[in-house]
Amino acid sequence: MENFSKRLKRLRLERRLTSGEAAHRAKVPLSTYRAWEYGRDVQGAESFVRLAVALEVSLVELLLGKKPGIAEVVSSLEIISAKLDETRKNLLSSF
């Protein structure tokens, strides 16, 4: 199974980006990006989101190595929507 650092490099190469270009797109220093590709350091969800945006892939593809199907995307959006509604209700009830 392909690990995260190998997948990150594969996705970058498929897009014909240098590591410097990928780092610039992800808005991180080149040294940070290289650490990710070498499997040394990836911290926080925000880093994953920025990497997915930089490489123009979904988080599912970046983290799991597979493209999500439409049913999976719709299901995820429904879950997110329900959680946002719940959060909104909780916030409104606290005022």
Side-chain angles (χ1 to χ4, degrees):
M1 185 169 169
E2 183 180 48
N3 67 26
F4 177 77
S5 59
K6 287 182 182 177
R7 184 176 314 112
L8 182 60
K9 184 173 184 177
R10 177 183 55 77
L11 290 168
R12 176 180 60 79
L13 293 174
E14 284 176 0
R15 282 146 186 82
R16 296 188 167 127
L17 296 172
T18 66
S19 54
E21 291 167 331
H24 177 74
R25 285 184 175 196
K27 299 176 182 154
V28 297
L30 178 57
S31 59
T32 299
Y33 183 85
R34 286 187 175 151
W36 294 342
E37 269 198 14
Y38 291 117
R40 289 193 300 256
D41 184 35
V42 176
Q43 297 177 359
E46 185 178 327
S47 299
F48 291 117
V49 171
R50 292 193 328 220
L51 282 170
V53 169
L55 298 172
E56 299 172 349
V57 298
S58 69
L59 283 171
V60 173
E61 184 176 1
L62 179 67
L63 298 175
L64 303 178
K66 65 176 186 171
K67 293 184 181 186
I70 190 69
E72 192 175 3
V73 170
V74 169
S75 176
S76 294
L77 288 173
E78 289 171 347
I79 292 168
I80 290 168
S81 178
K83 289 188 183 280
L84 285 172
D85 287 343
E86 181 182 331
T87 302
R88 186 179 302 114
K89 286 177 188 174
N90 289 339
L91 285 171
L92 289 174
S93 69
S94 67
F95 287 103

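All of these numbers come straight from a predicted model, not from anything done at the bench. For the numbers below, each heavy atom of this structure counts, side chains included, while hydrogens, waters and symmetry mates do not.
Using a cutoff of 4.0 Å between basic side-chain nitrogens and carboxylate oxygens, Glu14 and Arg10 are scored as salt-bridged. Using a cutoff of 4.0 Å between basic side-chain nitrogens and carboxylate oxygens, Arg12 and Glu37 are scored as salt-bridged.
To the nearest 0.5 angstrom, Lys27 atom NZ is 16.0 Å from Tyr33 atom OH. Atoms CZ and OG, on Arg88 and Ser81 in that order, are 7.5 Å from each other to the nearest 0.5 Å. Note that CZ of Arg40 is 10.0 Å distant from OG1 of Thr32, once rounded to the nearest 0.5 Å.
Between Arg15 and Glu56, the shortest heavy-atom distance links the atoms NH2-O, 4.0 Å. When every heavy atom of Trp36 is checked against every heavy atom of Ser5, the shortest pair comes out as O-CB, 3.3 Å. When every heavy atom of Ala23 is checked against every heavy atom of Leu30, the shortest pair comes out as CB-CA, 3.8 Å. Val28 approaches Arg50 most closely through the heavy-atom pair CG1-NH2, 2.9 Å.
The salt bridge (charged side-chain N to carboxylate O under 4.0 Å, His left out) check on Glu86 picks up nothing, with sequence neighbours excluded.
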